[in-house]
Amino acid sequence: MSLRERSRRTEIVDRVIDWFSANQRDFPWREPECSPWGILVSEVMSQQTQMSRVEPKWHEFMSLWPTPADMAAAPVAEVIRRWDRLGYPRRAVNLHRCATAIVENHGGEVPSDRDALLALPAIGAYTSAAVASFAFLRCEPVVDTNIRRVLARAIHGEAIAWDANPRRDDAEMSELLPEDPQRAKLWNAGAMELGAIVCPSKKPQCEVCPIAQLCEWRARNYPASTRKARGQAKFAGSDRQLRGRVMAILRRHPEGVLFDSLPDLVEPLAADSGTSVDISHAERTLLLAEDLIRDGLATRAAERIRLPH
DNA sequence: AAACCGGGGTT
DNA sequence: AACCCAGGTTT
C-alpha cells in the first residue's frame, strides 16, 4: 500500500473519531457508569433491531435484571414474556443462557476476553468484539453492517458492501484500528454511528460527512455497485409470521394451552400464504409449534404447550 | 454461500 | 410493498 493511501486511511480514522466525539447520540449504554452486562444486553437487543425500539426495552430489562445473576435466577419464560415483540425471540432464550453461563463459568462477571465472549450462546464475531471494545476497552475490530458499508464506500469506492465474513472483516478493520484502546473504541463506535446516521445505504448525506473529501466512492462519482444486495423473503404469510403468532399465544397464557387448540387460537393467515401451500393451516401451525419446542422457545408436557420454565 | 429467524419503522 | 435494521446459526 502506498504511503499516500496509508495517510488517507489514518486521516479517515482521525476525522471519524473527532466527528463521533462531538456528534454521537446519547444512549444509556454509552454512559460511563453502564455495566458490561448492560452493554452486552444492549448489543444483543440491537441485533437487527433499531435503537429507537431497543432503548425502552433495555431500561425495562436493566431494571428487572441488573446483573447476570438476576436474570439467571429468573425463569426463561419470564425473559421471553418480557422480550415481548422485540423480534427474534430466540435472543431472549439465548440471553438467559448467557446469564446462566456467566454465573456458572465466570463468577457472575461478564468476561472481558473476546474468545470467552465468543463462547457464550449466540454471541458471534460482532457482539464479542463490541462488548470487548466498548465494555472493556480491548483493541478488537468491531464490524457490523454499517461499518462494512462505510469501509466499502470510503476505503474501496464501492456502493454496496461485501457479505459478512468474520475473517475478512476482522482483517479489514484491524488494519485501521488505533493502538490506543480508547481511540479504538471511538473508531469502532464512530464508524458504526457514521454508517447509521450519515452514510445509510440509501441517500447518504455527504454534505455533512466528515470524510467526504477522503471518500473513494465520492471520488469516483458514486458508481453503482456491481454486486447485488441480498433479497429477503416476504413476511406476510410466511412461517416467520405464523411463528410470531404462536409465540404471542404462548406469552398470553402462562399456564399454557392445549397443543391441539393452537390452530384455533392463532388467527388464520391470508389464503395466498407462502411456500408451504399444500398443507392445512392447522397442520402448518402444529409443525411450527414443534420447531419452537426444538428451538427452546416452548415446552410440551402431556397435551399442553407453554413457555419453558 | 444462502436460508432461516420477528417485527416495526421508513420511503 | 419493498427495503432496512449495532447478527447469529444452520445447512
Side-chain angles (χ1 to χ4, degrees), chain A residues 20 24-25 27-30 38-58 80 83-95 97-98 117-135 140-150 160-169 173 185 187-197 199-204 227-248 250-251 269-270 272 274-276 288 291-292 294-297:
Chain A
F20 180 67
Q24 64 174 300
R25 294 171 291 180
F27 289 120
W29 48 86
R30 284 180 175 170
I39 290 173
L40 191 157
V41 171
S42 81
E43 294 299 343
V44 171
M45 286 183 170
S46 300
Q47 293 166 1
Q48 299 292 287
T49 307
Q50 297 91 329
M51 301 292 102
S52 57
R53 298 182 57 215
V54 166
E55 192 161 353
K57 186 58 68 182
W58 183 88
I80 296 171
W83 193 265
D84 197 35
R85 301 176 155 216
L86 200 58
Y88 295 127
R90 310 198 246 227
R91 293 185 295 170
V93 177
N94 287 329
L95 192 56
R97 289 181 181 147
C98 275
L117 288 161
L118 208 43
L120 296 173
I123 302 300
Y126 164 76
T127 309
S128 60
V131 173
S133 176
F134 302 156
E140 298 290 350
V142 173
V143 182
D144 77 326
T145 182
N146 290 307
I147 291 180
R148 277 200 309 281
R149 184 174 54 253
V150 168
I160 297 178
W162 58 93
D163 289 338
N165 178 329
R167 291 173 58 89
R168 174 182 175 179
D169 295 347
M173 196 63 177
K185 171 177 174 174
W187 162 242
N188 282 330
M192 221 176 343
E193 187 90 334
L194 188 73
I197 301 303
C199 196
S201 88
K202 305 204 165 173
K203 300 198 176 186
R227 82 182 78 248
K228 264 224 169 98
R230 182 81 58 230
Q232 56 229 33
K234 233 185 277 202
F235 181 64
S238 66
D239 283 357
R240 288 163 65 161
Q241 183 182 48
L242 184 50
R243 281 171 61 106
R245 294 185 182 191
V246 173
M247 287 304 299
L250 298 183
R251 272 192 245 103
L269 293 173
D272 63 342
T275 52
S276 27
L288 289 177
D291 290 343
L292 293 175
R294 185 202 56 206
D295 292 345
L297 286 161

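Chain identifiers are assigned alphabetically (A, B, ...) following the order of the sequence lines, protein sequences preceding nucleic acid strands; residue numbering begins at 1 within each chain. Not measured: the values here are computed from a predicted model.
Nucleic acid contact class of A/T145 (heavy atoms, under 4.0 Å, all strands): sugar-phosphate only. Across all strands, A/S42 comes closer than 4.0 Å to no nucleic acid atom at all (heavy-atom distances). Contact annotation for A/I147: no contact, since no heavy-atom pair falls under 4.0 Å across all strands. Residue contacts shown for A/P89 are limited to sugar-phosphate atoms, with no base heavy atom under 4.0 Å away. Within the nucleic acid shown, A/R85 comes within 4.0 Å of sugar-phosphate atoms alone, with no base atom in reach, counting heavy atoms only.
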Query raised in the report: Do A/R168 and A/D163 pass the salt bridge (charged side-chain N to carboxylate O under 4.0 Å, His left out) test, and can you show the C-alpha distance, the side-chain angles, and the key distance before you say yes or no?
Result: CA-CA 10 Å; A/R168 174 182 175 179; A/D163 289 338; over 6 Å; no
So which protein N/O to nucleotides 9-11 of chain C N/O distances come out below 3.5 Å?
unit_1: C/dT9; atom_1: OP1; unit_2: A/A122; atom_2: N; d: 3.0

Listed pairs, N/O of protein and of nucleotides 2-4 of chain C, under 3.5 Å:
unit_1: C/dC4; atom_1: OP1; unit_2: A/S201; atom_2: OG; d: 3.4

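Judged by distance alone, the side chains of A/E43 and A/Y126 do bring a donor and an acceptor atom under 3.5 Å apart. Counting only N and O atoms by type, the side chains of A/T49 and A/R91 include a donor and acceptor under 3.5 Å apart.
Going from atom CH2 of A/W83 over to atom C1' of B/dG7 covers 12 Å, rounded to whole Å. Rounded to a whole Å, the CG atom of A/L242 is 15 Å from the C1' atom of B/dG7. Distance CZ (A/R148) to C1' (C/dA6): 11 Å, rounded to an integer number of Å. When rounded to the nearest whole Å, the span between CH2 of A/W29 and P of C/dA6 equals 11 Å. Atom CG of A/D84 and atom C1' of B/dG7 are 11 Å apart (whole Å). Distance A/R53 CZ to B/dG6 P: 13 Å, rounded to the nearest Å.
A/F27 is linked by a ring-ring contact (aromatic ring centres under 6.0 Å, His included) to A/W29, counting only residues two or more places apart in sequence or in another chain.
The two atoms that bring A/M173 and A/A191 nearest to each other are CE-CB, 4.4 Å, heavy atoms only.
For B/dG6, its base sits under 3.5 Å from the side chain of A/T49 at one donor and acceptor pair at least.
With B/dG7, B/dG6, C/dG8 as the choices, the nucleotide that has an atom nearest any side-chain atom of A/R251 turns out to be B/dG7. Minimum atom distance to the side chain of A/R91 is reached by B/dG6, of the listed C/dG7, B/dG6, B/dC5. Picking from B/dG7, B/dA2, C/dG7 the nucleotide with the shortest atom distance to the side chain of A/D144 gives C/dG7.
For the pair A/R148 (side chain) and A/D169 (backbone), a donor-acceptor distance under 3.5 Å is absent.
An OP1 or OP2 oxygen of C/dG7 is reached within less than 4.0 angstrom by a side-chain nitrogen or oxygen of A/Q48.
Taking CD1 of A/I147 as the reference point, atom CE of A/M192 lies at 5.0 Å (rounded to 0.5 Å).
One P atom belongs to C/dG8, the other to B/dG8, and the distance between them is 23 Å to the nearest Å.
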